[in-house]
Amino acid sequence: QVQLVESGGGLVQAGGSLRLSCVASSDFFSSTTMGWFRPAPGKEREFVAAISRGGGTRYYGDFVEGRYNISRDNAKNTVYLQMNSLKPEDTDVYYCAGDQARSARESRNGMSYWGKGTLVTVSS
């Protein structure tokens, strides 16, 4: 079982930046694909970003449009989501997720382990 704890959410003005962090309590972090999701109307969760075990492969949701960057530090069991050029429509709860079976590409449809989420609020 992998436990995930997010931090870094908060209130920011449109055009600003935030960096989300997610620490995993697992000795197998380096073998875990990691990602971020958020709720969306009509969907269980919307894919935001995913990163492969070694960090060399990354995927992003279509709405990101080059504004976000996902990264990881396997020595610290931590994955990050740098969010830039934030828009009011980015306001949401962002969930960290992990999966030890799926690749980053496969994980765009969902992952096995979930954090409790961190709220990002973007004011206009």
Side-chain angles (χ1 to χ4, degrees):
Q1 186 74 15
V2 177
Q3 293 184 331
L4 305 173
V5 179
E6 304 97 333
S7 62
L11 174 64
V12 64
Q13 289 187 331
S17 299
L18 279 176
R19 188 175 83 155
L20 307 184
S21 300
C22 172
V23 179
S25 61
S26 170
D27 292 335
F28 304 101
F29 180 77
S30 61
S31 63
T32 305
T33 298
M34 298 298 298
W36 294 88
F37 291 77
R38 67 181 192 181
K43 304 178 184 179
E44 182 175 357
R45 283 186 175 122
E46 180 177 31
F47 171 70
V48 176
I51 187 167
S52 61
R53 299 172 180 89
T57 301
R58 308 173 192 195
Y59 292 96
Y60 297 93
D62 291 340
F63 75 92
V64 172
E65 300 175 327
R67 300 179 297 124
Y68 296 178
N69 181 59
I70 187 170
S71 61
R72 65 189 296 161
D73 185 338
N74 286 348
K76 296 181 178 180
N77 281 15
T78 302
V79 63
Y80 305 97
L81 184 68
Q82 178 67 44
M83 309 168 72
N84 302 318
S85 301
L86 284 162
K87 306 174 183 179
E89 51 264 44
D90 293 321
T91 295
D92 219 327
V93 178
Y94 286 75
Y95 294 89
C96 176
D99 200 292
Q100 293 175 328
R102 296 184 176 97
S103 67
R105 182 176 182 178
E106 294 166 338
S107 294
R108 293 176 297 175
N109 295 319
M111 297 189 181
S112 298
Y113 305 113
W114 297 91
K116 294 183 178 181
T118 185
L119 176 63
V120 172
T121 303
V122 185
S123 63
S124 58

Could you give the distance from CG (N69) to OH (Y80), rounded to the nearest 0.5 Å? 12.5 Å
Fellow cluster residues of M111, listed by chain then number, with links counted only when side-chain atoms sit under 4.5 Å apart: F37, F47, Y59, V93, Y95, W114, L119
For R105, which residues count as a side chain to side chain donor-acceptor pair (under 3.5 Å) partner, sequence neighbours excluded? none
Who passes salt bridge (Lys or Arg N to Asp or Glu O under 4.0 Å) against E106, sequence neighbours left out? none
Under the side chain to side chain donor-acceptor pair (under 3.5 Å) test, which residues partner Q100, sequence neighbours left out? T32
With R67 via salt bridge (Lys or Arg N to Asp or Glu O under 4.0 Å) - residues at least two apart: D90
Could you pull out all residues at least two apart from K87 that satisfy salt bridge (Lys or Arg N to Asp or Glu O under 4.0 Å)? E65
Which residues pass the side-chain contact (heavy atoms from CB on, under 4.5 Å) test with S17, not counting sequence neighbours? Q82, N84
Any disulfide (SG to SG under 2.5 Å) pairs touching residues 25-93, not counting sequence neighbours? none
Sequence neighbours excluded, which residues qualify as side chain to side chain donor-acceptor pair (under 3.5 Å) partners of S112? D99
Taken to the nearest 0.5 Å, the spacing of C96 SG from Q3 CD works out to 12.5 Å
Whichever hydrophobic residues join L86 through chains of side-chain contacts under 4.5 Å: V2, L4, V12, L18, L20, F29, M34, W36, V48, I51, Y60, F63, V64, Y68, I70, V79, L81, M83, Y94, Y113, V120, V122
In short, salt bridge (charged side-chain N to carboxylate O under 4.0 Å, His left out) pairs touching residues 5-29 with sequence neighbours left out are none
Verify the neighbour count for atom CD of E89: are there more than 12 heavy atoms of other residues, nucleotides or ligands below 6.0 Å? yes
Give me each pair satisfying side-chain hydrogen bond (donor to acceptor under 3.5 Å, both in side chains) with a member in residues 43-56, each pair once, sequence neighbours excluded. R38-E46
